[in-house]
**Student:** 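Pasting in a structure now, in structure tokens, and then I'll have a few things to ask.
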Amino acid sequence: MAAPVLGIDLGTTNSVVAIADGRQSRVLADPEGFQLIPSVVSFHPSGDILVGRTARDRRLLDAQNTVYSVKRLIGRPFRSPEVRTARERFPFELTEGPTGGVLVGARGETYTLSEISAFVLRQVRSVAEFNVAEPCTQAVVTVPANFNELQRSATKAAGRVAGLDVLRILNEPTAAALAYGYGRGSRERIAVFDFGGGTFDVTLLELSGEVFEVLATAGDTYLGGDDIDVLVADQMAEAFLEHHRYDPRDDAQAYERLRAAAEWAKCQLSEKPDVQLRIEELAYGDGGISLDLTFALERPVLERMAQSLVARTFDVCEDVMRIAGIRPTQLDNVILVGGSTRMPLVQRMVTEYFGRAPLEGIDPDLVVAQGAAIQGRALTAPAERKSLGKVALRRITRAEHEATRPSQIAPPRTSAITPPDAQGSPGAPPTSSGPAGLGTLPPVGAGLGSLPPVPAVPPAPPLPEFGDSAGSPPRPPVPVGARTLETPAFAAAPPPLPSFGNAPIEDAGVLPVGPAFSPDPEVAERSLERASVRAPDLSVLEPAVPLAPDAPEPEMPLLLDVTPHSLGIETVGGYCEAVIKQNAAIPVEQTRVFSTAQDNQRLVKVRIFQGESRRFDDNQGLGEIELAGLRAAARGRVKIDVTFVIGADGILAVRAKDVETGKEQDVRIKLVGGMAEDDVQRLVDRQAAMLDGGR
Ligand code: ADP
Ligand code: MG
């Protein structure tokens, strides 16, 4: 039998791996029985690369070379506010990569964030292989629903670097809903409230038999339990400062210990009303005297500190309700996902907001991986063909339904491109974006008439730059349903997995202080591992309706997801035009016509973005697409249909075609911080060599 597809929840804090057969999905544990694999990578002085729990222990000893919370930074441009904040907060070194992404520096080497995540994924993979005793090379990897194109692509690249063929990038809340609803056959509307270490997401879904349809999703990729830890750590630092006239925030290593202690205290307070802790040798005073911190915290105090952060999750909930056009009390169930939902404060506020208590009996740490495993099974099971047929059918039905509504079609618009050398030349259209800017052109009327007139995604409102109302109707999106999207093939056979991460840390001979922030380090350890070893009832997820041993498998689930952000192109004056709108059902495709702005223009560049603002700079610039090898002709004569496709995993693909000749054009997407295929291959080789060499 072929090895199962791994369902991987690649978390900010912890990662989890599960596999599913037609009857159940099962979370896999490492040889010591732990199911949560800390998403931490530590570069040991011996050259070993530690991953998981051994790496997490190094955070307290070797903060500079121990990398964590990478998910908060992956796919973010170096020059983003988030990375700026992270550079202040994180003890490890962050630098700018050649394509504008982020590199991590440790022990004289630099690594892309995809590489760091790949180390984690390799560890995850080796846990799976330990369980199934055969090579596992295929996976479904989950991401926050709110992740944009850059973040999704970087995650997919991480999978490749780890030797995994990522069959699908799946949204975490959708995965959770799947794990909950698979085999249940119910009809209900649910909210998945996912509050983890680094991110918050809320997704509304409608379950109808085996169909899981996302109604709306919203999130904040910079809101999580880590932020609560920082508040607590700051309070500890203040207390220490007051006592010893020394600010531990000035010492990265000391601050790291504070944060770990803060997290420990926070988790304790989910179970009990107060907590005391002591951190020995946090700093040294005059004459080398060791300065210790003693700190006590009560749950109500923690709750007052965390209140406004938790409240921000409900602003996001309000957004999602508005998008879906429903009220919180109209939902049938609420599922909690993510470690931070263990806080009693969060549970109370959720109950109040939705007017009902969240569902019990679902493990917030494991459910996402379980759903991913079910999806992995669905993608490879024979029943799939049938299922995909239904997706297409359903999409078409929906489009027809919308066709009966009066359509509000925006005036047609056509975008033209100024060539790289047109900037500032007399008569050239104004550009806003340097060499890649768009110019204006009169509308193009050709080649648009052959598709059904009803867009499933409403066209963008008219933009002043394109106010000309004559011309052709806008091209509607084509539901692509069952179409398989082409993904570039990374053919490299995964290298054999060396087992790493188990190097004894004593090797280093540099262990001056232990993590003595608790009177009982054992308790601290157990607390942070709290959910790591669980009763089997929650880590093996059976379909809701128990199956007789000889009953057929429940029908494979169908997922209908949405894209979290509008995708669009830059227009003149630094404005944006959405091509695919926020919350559009995916997969989806939309075509725009571009034409040349100069005689004999051979190359066209278009800047692309994700976001909801009219101004380009307020959105997330993704990079640009390049149309190369255009036919030589007079200005405006070459018209190119550019089709933007968002696939089932939310990842962008672009096709282009010369309208007149029908010839497919070369098109390249250059993402900020993105990697070309040979870059990825280089990283695959480098990682394999590093791990072999490190043994
Ligand atoms: P992610 O999906 O971002 O990796 P997780 O779902 O693993 O995150 O959640 C990790 C977050 O949950 C951390 O901030 C951690 O401190 C917090 N957490 C875990 N257990 C508890 C608990 N018992 N009480 C409060 N917070 C918790
Ligand atoms: Mg999570």
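For ligands, and for the atoms within them, numbers begin at 1 and follow the listed sequence.
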**Student:** Taking only heavy atoms of Gly11, which atoms of ligand 1 are found under 4.0 Å from at least one of them?
**Tutor:** 4 (O)

**Student:** Go through ligand 1 atom by atom and flag the ones less than 4.0 Å from a non-hydrogen atom of Ser270.
**Tutor:** 22 (C), 23 (N), 24 (N), 25 (C)

**Student:** Just let me know how Cys267 lines up against ligand 1, side chain, backbone, both or neither, with a heavy-atom cut-off below 4.0 Å.
**Tutor:**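 Within the 4.0 Å criterion, Cys267 contacts ligand 1 through backbone and side-chain atoms alike.
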
**Student:** Give a yes/no on ligand 1: does Ser340 have at least one heavy atom closer than 4.0 angstrom to it?
**Tutor:** yes

**Student:** Under 4.0 Å from any heavy atom of Gly198, which atoms of ligand 1 are there?
**Tutor:**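 Those of ligand 1 that fall under 4.0 Å from Gly198 are 3 (O).
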
**Student:** What heavy-atom pair brings Ala254 and Pro248 nearest, and what distance separates the two atoms?
**Tutor:**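 Nearest pair, atom of Ala254 first, then Pro248: CB-O, 3.8 Å.
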
**Student:** Is the shortest side-chain N to carboxylate O distance from Asp226 to Arg89 below 4.0 Å?
**Tutor:**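 Looking at Arg89 together with Asp226, the answer is no, because their closest N to O distance does not fall below 4.0 Å.
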
**Student:** Compute both the distance and the angle, then confirm whether Arg312 meets the cation-pi test with Phe200: under 6.0 Å from the six-membered ring centre, within 45 degrees of the axis.
**Tutor:**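 Judged by the rule (NZ or CZ under 6.0 Å from the ring centre, within 45° of its axis), Arg312 is not positioned above Phe200.
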
**Student:** So for ligand 1, is Glu271 a polar contact partner (N or O within less than 3.5 Å, distance only)?
**Tutor:**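 Checking ligand 1 against Glu271, no N or O pair falls under 3.5 Å apart.
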
**Student:** Could you tell me if any non-hydrogen atom of Thr199 lies under 4.0 Å from any atom of ligand 1?
**Tutor:**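 So Thr199 does not count as touching ligand 1.
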
**Student:** Aromatic rings Tyr111 and Phe43: how do their planes relate, parallel, tilted or perpendicular, breaks at 30° and 60°?
**Tutor:** parallel

**Student:** Just distances here: any N/O of Arg342 and N/O of ligand 1 closer than 3.5 Å?
**Tutor:** no

**Student:** Does an N or O from Thr13, backbone or side chain, lie closer than 3.5 Å to an N or O of ligand 1?
**Tutor:**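 Min N/O separation from ligand 1 is below 3.5 Å for Thr13.
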
**Student:** Do the side chains of Asp292 and Arg278 get close enough for a salt bridge, i.e. N-O under 4.0 angstrom?
**Tutor:** yes

**Student:** With a 6.0 Å cut-off (strictly less than), is the heavy-atom count around CZ of Arg356, excluding the residue itself, greater than 12?
**Tutor:** yes

**Student:** Is the shortest side-chain N to carboxylate O distance from Glu280 to Arg257 below 4.0 Å?
**Tutor:**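 Arg257 and Glu280: not salt-bridged.
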
**Student:** Ligand 1 and Phe195, any nitrogen or oxygen pair closer than 3.5 angstrom?
**Tutor:**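 Between Phe195 and ligand 1 (N or O atoms, distance only) the closest approach is not under 3.5 Å.
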
**Student:** What atoms of ligand 1 come within less than 4.0 Å of a heavy atom belonging to Met343?
**Tutor:** 25 (C)

**Student:** Ignoring angles and geometry beyond distance, decide whether Gly339 reaches within less than 3.5 Å of ligand 1 through its nitrogen or oxygen atoms.
**Tutor:**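 Min N/O separation from ligand 1 is below 3.5 Å for Gly339.
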
**Student:** Which of the atoms in ligand 1, numbered in the order shown and given with their element, are less than 4.0 Å from a heavy-atom of Asp226?
**Tutor:** 14 (O)

**Student:** Could you tell me whether Asp9 and ligand 1 have an N or O pair separated by under 3.5 Å?
**Tutor:**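 No, Asp9 has no N/O under 3.5 Å of an N/O on ligand 1.
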
**Student:** Would a line drawn from the ring center of Tyr68 to the ring center of Phe90 be shorter than 6.0 Å?
**Tutor:**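 Close enough - the centres of the two rings lie under 6.0 Å apart.
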
**Student:** Please check if atom CD in Glu188 has more than 12 non-hydrogen atoms from other residues, nucleotides or ligands closer than 6.0 Å.
**Tutor:**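 Above 12, so yes.
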
**Student:** Between Arg72 and Asp227, does at least one N-O distance fall below 4.0 Å, as a salt bridge requires?
**Tutor:** yes

**Student:** In ligand 1, which numbered atoms sit nearer than 4.0 Å to a non-hydrogen atom of Asn14?
**Tutor:** 4 (O), 7 (O)

**Student:** Would you mind listing which atoms of ligand 1 come within a distance below 4.0 Å of any non-hydrogen atom of Gly338?
**Tutor:** 6 (O)

**Student:** Can you label the angle between the Phe195 ring and the Phe193 ring as parallel, tilted or perpendicular, going by 30° and 60°?
**Tutor:**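 Judged by the thresholds at 30° and 60°, the geometry between Phe195 and Phe193 is perpendicular.
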
**Student:** Looking only at distances, can you tell me whether any N or O atom of Glu263, backbone or side chain, sits closer than 3.5 Å to an N or O atom of ligand 1?
**Tutor:** yes

